[in-house]
Peer 1: 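Can you read through this structure? Questions will come right after.
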Amino acid sequence: MDYSQSPTGEDVHSSTAGSVHSSQSFQEMKKDSQDFNEIDSQIIEIPKKPASAYLSVCIMCLMVAFGGFISGWDTGTIGGFLSHSDYINRFGSSHSDGSKYLSKVRTGLLVSIFNVGCAIGSVVLGRLGDTVGRRKGIVIAVFIYIVGIVIQIASIDKWYQYFIGRIIAGLGSGTIAVLSPMLISEISPKHLRGTLVSCYQLMITFGMFLGYCTNYGTKTYDNSIQWRVPLGLCFAWALVMIGAMFIVPESPRYLVEKGQIEEAKRSVAKSNKVTIDDPATIQEIELVQIAVEAEQAAGSASWSELFQTKTKVLQRTLMGVIVLALQQLTGCNYFFYYGTIIFKAVGLEDSFQTSLIFGIVNFASTFVALYVVDKYGRRTCLLWGAAGMVCCMVVFASVGVTKLWPNGQDQPSSKGAGNTMIVFSCFFIFCFATTWAPIPFVIISESFPLRVKAKGMALGTVSNQMWNFCIGFFTPFITGAINFYYGYVFLGCLVFSYCYVFAFVPETKGLQLEDVNLMWEEGVLPWKSASWVPPSQRGTDYNAEALATDDKPIYKRMFSKN
C-alpha cells in the first residue's frame, strides 16, 4: 500500500502526476510537512493471503484477459486463410489463364488492415472505460467486433467487403486491447499484478494456438468451410467475453469516480480477499477518493497533458509508444502471420503442421512468463529476452541467407538448413513469449497516472498496431526482394531494444500503482530503479538522491546491479 496522502489531506499521486494545475509537487509537500514520516507510517497494508486464496481472483482476471484471445485468434487464422484454396479463389486476382492468386498488395491489406482498425478503436473508443465503465466498454467493443465478423462471413467474392469487415472487427479488438489490461491492473492485488496482466498475452497465444489447430482441421475441405468455420467460431468467443463481464468486479477507481463508494469497497475486498469493513479496504478507497477529487478539481484531462515534462508524463508516454513499437519490431509477427508461407520456402511438406508447432511453443512459453514477470521483474526480463532473440535471429537469418538454397533458389532447399531454421525459430518464439510478448502490456498498464491512463495506453496501443500493420503489409514485398536478409532488419531492432530498455525503462515489480508514479517523479535512473523503495518503507539511511545520479562510465553501468 502506498502512502499517497499528504498531511494536508491532498493526494500526492493525483495532485502531482495527473495535472499541471497542481499547486505543489510531491517534493514540495514533503519539505513542508513536518510530520510526513509519522503519517506515512500509519498506512495499513492489505494483508497477503496464501496463493490458493487468490484462485478466484486469477480466474476473474483470466476472464477479463480473454479479450486477448480474440486478437490471437485473428492472428492464428488469417495466415492460414491465405493458403486455403477456396479463400484464394473467392478473393484473389486472376492470371491470364484464369487461375487465381493473391497479389502482394491484397495479401498485405487483408492481413494488416485489422491492425489499422485496432489503432483507430484504441484512440476513438478507448475512452469508453472512463465514460461507461471498463466492463460496459468491453461489452460495447465486443458487439462492434461481432458486426465486423458478420460482414466477413457474409462475403462471397468481393475482397473489399471482407476488407471492410476486418476494419470494423479491428475497431472492437483495439478497444478491448486498451480496456482489458486496464481493468486487470486496477482489480488485481499489487503482488500479482504483473502475472495477471500477463494473462492477456497468455490468452493471445491460446487464441493463436487454437486458430492454428482450426486451420489445420479445415484444410482438407475444398469449399468455404475452410475459412467460414474459423470465422463463425468468433461468435462463441464473443459470447464468452460478454458473459465474463457479468462476473468480474468493476474497477474501484471508476466506481469512486461515479460516487459508488460501497460498490468500490466490494470490488477491492473481492480482489484482495479481505472483508468490506477491513481497515485496509476502507483506507484504499479513501486514497482513491482523494485522488479522484483532486483530478475532478483540476478539470478534464486533455491530450496535451501527455506531453508534460514536469511530472515525467511525457517520458512515460514516449516509453509506452517505443516499447510497444519495439514489441512488433522484434520480428515476432514475421513468423506468426506468414508462418505457413515461410516454411514452404524451406521445403516443408505441410507448413500447417509447422505453424501448429509454433502455436504450441508460443502458448506453452507464455506460462513461463507468468512466473518470471513478477519473480525477476519487468526490466530484467526484457533485457534477457532481447539478448536471447538477438542470438536466435542471427542464426535464423544467416542460415537462410547462406545455406538454405546451396544451389540457387530454383533448386531444392537444404533439409538440414531448413530444420535448423525451424529449431531457432522455436527458440526465438520461446524468448519472445516469455518476455517481450506480455511485459510491454504490463508496463503501460502500470506506468501512467490515473488521470491520463486511458489516453496513454491508447497511444501505446496505436503505436503497437500501426507497426503491426506496417510489418503485415510490407513483409510480402520485402521478403520477395531480399528473402531472409529481412531477418537482419529485425536483428538491428533487437539490439536497439536492449539498449533502449537499459537506458529508459525502470523496474516496477511489486509496487503499487501510486508508487510507480512517485518513482518517476523522483527522477530515479532506470538502471538503479530496482533499488528504489516507497517512502513508507525507507530507513533513516536511505539516500533517494543517489538513485537519480550516476557518474559511472556507460560500460560499468550496463554490467552493475546499481
Peer 1: Just so I know, are the side chains of Val57 and Pro189 near enough to count as touching, which here means a heavy-atom distance under 4.5 Å?
Peer 2: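 Yes; the side chains approach each other to less than 4.5 Å.
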Peer 1: Could you measure the distance from the CG atom of Leu62 to the CG atom of Leu196? Nearest 0.5 Å is fine.
Peer 2: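 If I round to the nearest 0.5 Å, the distance is 7.5 Å.
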Peer 1: Considering residues at least two apart in sequence or located in another chain, which fulfil the side chain to side chain donor-acceptor pair (under 3.5 Å) criterion with Tyr486?
Peer 2: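 Checked Tyr486 against side chain to side chain donor-acceptor pair (under 3.5 Å); matches are Thr475.
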Peer 1: Could you work out, with ring-ring contact (aromatic ring centres under 6.0 Å, His included) as the rule, every residue matching Trp159, not counting sequence neighbours?
Peer 2: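 Checked Trp159 against ring-ring contact (aromatic ring centres under 6.0 Å, His included); matches are Phe163.
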Peer 1: Kindly check if the number of other-residue, nucleotide or ligand heavy atoms within 6.0 Å of NZ (Lys270) is above 12?
Peer 2: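 Count over threshold, so yes.
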Peer 1: Is it the case that Ser56 and Lys273 place a side-chain donor and acceptor less than 3.5 Å from each other?
Peer 2: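 On atom types as modelled, these side chains qualify, holding a pair under 3.5 Å.
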Peer 1: Is the backbone of Leu382 close enough, under 3.5 Å, to the side chain of Thr435 for a donor and an acceptor to pair up by distance?
Peer 2: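 Not a single qualifying donor-acceptor pair exists.
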Peer 1: Considering residues at least two apart in sequence or located in another chain, which fulfil the side chain to side chain donor-acceptor pair (under 3.5 Å) criterion with Thr205?
Peer 2: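 Residues passing side chain to side chain donor-acceptor pair (under 3.5 Å) with Thr205: Thr366.
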Peer 1: Only pairs at least two apart or in different chains count here, so list each salt bridge (Lys or Arg N to Asp or Glu O under 4.0 Å) that has a residue in residues 387-397.
Peer 2: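 Not a single pair qualifies under salt bridge (Lys or Arg N to Asp or Glu O under 4.0 Å).
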Peer 1: Examine the side chains of Lys453 and Ser185 and answer whether a donor and an acceptor come within less than 3.5 Å of each other.
Peer 2: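 Looking only at side-chain atoms, Ser185 and Lys453 do form a donor-acceptor pair, the distance falling under 3.5 Å.
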Peer 1: Are there more than 12 heavy atoms of other residues, nucleotides or ligands under 6.0 Å from atom CH2 of Trp467?
Peer 2: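 Atom CH2 in Trp467 is not packed in, count stays at 12 or less.
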Peer 1: Which residues satisfy the salt bridge (Lys or Arg N to Asp or Glu O under 4.0 Å) test with Arg134, sequence neighbours excluded?
Peer 2: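 Checked Arg134 against salt bridge (Lys or Arg N to Asp or Glu O under 4.0 Å); matches are Asp130, Glu186.
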Peer 1: Return a table of donor-acceptor pairs under 3.5 angstrom between the side chains of residues 387-399 and protein atoms on other chains or two or more places apart.
Peer 2:
{"from": "Ser398", "atom 1": "OG", "to": "Val394", "atom 2": "O", "distance (Å)": "2.7"}
{"from": "Ser398", "atom 1": "OG", "to": "Tyr488", "atom 2": "OH", "distance (Å)": "3.0"}

Peer 1: Let me check something: any side-chain donor-acceptor pairs from residues 358-365 under 3.5 Å, sequence neighbours excluded? List them with distances.
Peer 2:
{"from": "Ser365", "atom 1": "OG", "to": "Val361", "atom 2": "O", "distance (Å)": "2.6"}

Peer 1: Regarding Ser94 and Lys100, is there a side-chain donor-to-acceptor distance under 3.5 Å anywhere?
Peer 2: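 Checked: Ser94/Lys100 side chains pair up, N/O donor to acceptor below 3.5 Å.
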Peer 1: Does any N or O in the side chain of Gln201 come within less than 3.5 Å of the main-chain N or O of Ile439, such that one atom is a donor and the other an acceptor?
Peer 2: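 No, the answer is negative, given that no donor and acceptor are paired below the 3.5 Å cut-off.
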Peer 1: My understanding is that only one of Phe206, Phe69, Phe441, Phe66 makes a ring pair (Phe, Tyr, Trp, His ring centres under 6.0 Å) with Tyr200; could you say which?
Peer 2: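 Single pass found, and it is Phe441.
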Peer 1: Check whether more than 12 heavy atoms from other residues, nucleotides or ligands sit under 6.0 Å from atom OH of Tyr485, and answer yes or no.
Peer 2: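 Not buried by this count: 12 neighbours or fewer within 6.0 Å.
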Peer 1: Which residue pairs pass the salt bridge (Lys or Arg N to Asp or Glu O under 4.0 Å) test when at least one of the two sits in residues 362-379, sequence neighbours left out?
Peer 2: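 Counting only pairs at least two positions apart or across chains, the salt bridge (Lys or Arg N to Asp or Glu O under 4.0 Å) contacts touching residues 362-379 are Asp374-Arg378, Arg378-Glu446.
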Peer 1: If you look only at pairs with a residue in residues 80-96, which of them pass as a salt bridge (Lys or Arg N to Asp or Glu O under 4.0 Å), with sequence neighbours excluded?
Peer 2: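 Non-adjacent pairs meeting salt bridge (Lys or Arg N to Asp or Glu O under 4.0 Å): Asp86-Arg90.
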Peer 1: With sequence neighbours excluded, what pairs up with Ser103 under the side chain to side chain donor-acceptor pair (under 3.5 Å) test?
Peer 2: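 Here no residue qualifies.
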Peer 1: Go through it in stages, so that I can follow the logic: the residues are Phe209 and Tyr212, the test is ring pair (Phe, Tyr, Trp, His ring centres under 6.0 Å), and I'd like the CA-CA distance, side-chain angles, deciding distance and then a yes or no.
Peer 2: CA-CA 5 Å; Phe209 170 60; Tyr212 292 143; 8.0 Å; no
Peer 1: Give me the one residue out of Ile70, Thr175, Val64, Val197 that meets side-chain contact (heavy atoms from CB on, under 4.5 Å) with Ser180.
Peer 2: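 It is Val64, the one option of Ile70, Thr175, Val64, Val197 that forms the side-chain contact (heavy atoms from CB on, under 4.5 Å) with Ser180.
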Peer 1: Is it the case that the side chain of Thr214 and the backbone of Leu210 share a donor-acceptor pair, with hydrogens and angles ignored and the cut-off at 3.5 Å?
Peer 2: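 Yes, the answer is positive, given that a donor and an acceptor are paired below the 3.5 Å cut-off.
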Peer 1: Check salt bridge (Lys or Arg N to Asp or Glu O under 4.0 Å) between Arg106 and all other residues, then give those that pass, not counting sequence neighbours.
Peer 2: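 In terms of salt bridge (Lys or Arg N to Asp or Glu O under 4.0 Å), with neighbours along the sequence ignored, Arg106 is linked to no residue.
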Peer 1: Partners of Ala119 by side-chain contact (heavy atoms from CB on, under 4.5 Å), sequence neighbours excluded?
Peer 2: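 Listed in chain order: Val462, Gln465, Met466.
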Peer 1: How are the rings of Tyr87 and Phe91 set relative to one another: parallel (under 30°), tilted (30 to 60°) or perpendicular (over 60°)?
Peer 2: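 Judged by the thresholds at 30° and 60°, the geometry between Tyr87 and Phe91 is perpendicular.
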Peer 1: So Phe477 and Phe474, would you call those rings parallel, tilted or perpendicular, with 30° and 60° as cut-offs?
Peer 2: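 Ring orientation of Phe477 relative to Phe474: tilted.
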Peer 1: Going by heavy atoms in the side chains, are Tyr376 and Leu383 under 4.5 Å from each other?
Peer 2: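 No. Closest side-chain heavy atoms not under 4.5 Å.
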